[in-house]
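Everything on this sheet refers to the single structure shown next.
Just so it is clear, the structure is predicted and the values come from calculations on it, not from any experiment.
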Amino acid sequence: QVQLVESGGGLVQPGGSLRLSCAASGSIFSISNWAWYRQAPGKQRELVALIRSSNTATYAPFVKGRFAISRDNAKNTVYLQMDSLKPEDTAVYYCNADLRLTRDSTFNGYWGQGTQVTVSS
């Protein structure tokens, strides 16, 4: 079975930084896209950033220039460097991986359990 485990969340002051990590474990053949989503209380889950197997990235307009997504294929891990954090960035952050278990299987999406990020003075 596949498991995605996030870490790195916490409480930070406005203007501060955090680095989230998400490691995938289990019998994984390959991972194509990685993505970070977030969900604030009372709001829908929204895409924050995505990184493709080509290492190209896409960002939501509200984090562009402040957040950076990266991946380490050898470790099956994705990162989200978050700088210049604002109170409105407060949310539970989830990682998502499109992966396949064997060479012949299809890609399916897997989710982590989420990590809380709180930006407050």
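Looking only at side-chain heavy atoms (C-beta outward), Trp36 and Val78 come within less than 4.5 Å of each other. Under the 4.5 Å side-chain criterion, counting only non-hydrogen atoms from C-beta, Val92 is not in contact with Thr115. Proximity of Met82 to Leu20: side-chain heavy atoms (C-beta onward) are separated by under 4.5 Å at one or more points. In this structure, Asn76 and Ile28 have side chains that are in contact, with non-hydrogen atoms separated by less than 4.5 Å. Contact annotation: the side chain of Thr58 never approaches that of Thr56 to less than 4.5 Å [non-hydrogen atoms, C-beta and beyond]. Between Leu80 and Arg19 there is no side-chain heavy-atom pair separated by less than 4.5 Å. Annotation: side chain of Leu85 is in contact with side chain of Phe67 (closest heavy-atom distance under 4.5 Å).
A donor-acceptor contact shorter than 3.5 Å links the side chain of Ser105 to the backbone of Leu101. Of the possible donor and acceptor atoms, none in the side chain of Arg45 sits under 3.5 Å from a partner among the backbone N and O of Arg38. Remark: side-chain polar atoms of Ser120 are not paired, donor with acceptor, to backbone N or O of Thr118 under 3.5 angstrom. Between the side chain of Thr90 and the main chain of Val119, a donor-acceptor pair closer than 3.5 Å is present. Remark: the backbone N or O of Asp98 is paired with a side-chain donor or acceptor of Ser32 at under 3.5 angstrom. A donor-acceptor pair is defined here as one N or O able to donate and one able to accept, closer than 3.5 Å; such a pair exists between the side chain of Glu6 and the backbone of Gly114.
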Chi angles and distances behind the side chain to side chain contact (heavy atoms under 4.5 Å, CB included) call for Tyr93, Gln116: CA-CA 6 Å; Tyr93 284 71; Gln116 177 69 47; over 6 Å; no

CA sep, side-chain torsions, deciding dist, call: Ser84, Arg66, side-chain hydrogen bond (donor to acceptor under 3.5 Å, both in side chains): CA-CA 6 Å; Ser84 302; Arg66 300 188 298 124; over 6 Å; no

Verdict with supporting geometry, Ile69 and Tyr59, side chain to side chain contact (heavy atoms under 4.5 Å, CB included): CA-CA 9 Å; Ile69 189 171; Tyr59 296 92; 3.5 Å; yes

Side chain to side chain contact (heavy atoms under 4.5 Å, CB included) between Lys86 and Phe62, intermediate numbers included: CA-CA 10 Å; Lys86 305 175 182 180; Phe62 51 79; over 6 Å; no

Verdict with reasoning, Tyr37 to Cys95, per side chain to side chain contact (heavy atoms under 4.5 Å, CB included): CA-CA 6 Å; Tyr37 288 76; Cys95 65; over 6 Å; no

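Between Ser121 and Pro14, the shortest heavy-atom distance links the atoms N-CD, 3.7 Å. Summarising the geometry of Ala24 relative to Ile31, their closest heavy-atom pair is CB-CD1, 4.2 Å, with the distance given to 0.1 Å. Leu18 and Gly8 make their closest contact through CD2-O, 3.7 Å (heavy atoms, listed as atom of the first residue, atom of the second, distance).
Taking the centre and axis of the six-membered ring of Tyr79, the NZ or CZ atom of Arg71 falls outside the cone set by 45° and 6.0 Å.
Among Leu99, Ile51, Leu50, the single residue meeting the side-chain contact (heavy atoms from CB on, under 4.5 Å) criterion with Trp34 is Ile51.
In this structure, the separation between CG on Asn55 and OG on Ser70 is 8.5 Å, given to the nearest 0.5 Å.
No more than 12 heavy atoms of other residues, nucleotides or ligands sit less than 6.0 Å from atom CD of Gln1.
Of the N and O atoms on the side chains of Asp83 and Ser17, at least one donor lies less than 3.5 Å from an acceptor on the other residue.
In this structure, Tyr94 and Trp111 have perpendicular ring planes: the angle between them is above 60°, well past the 30° mark.
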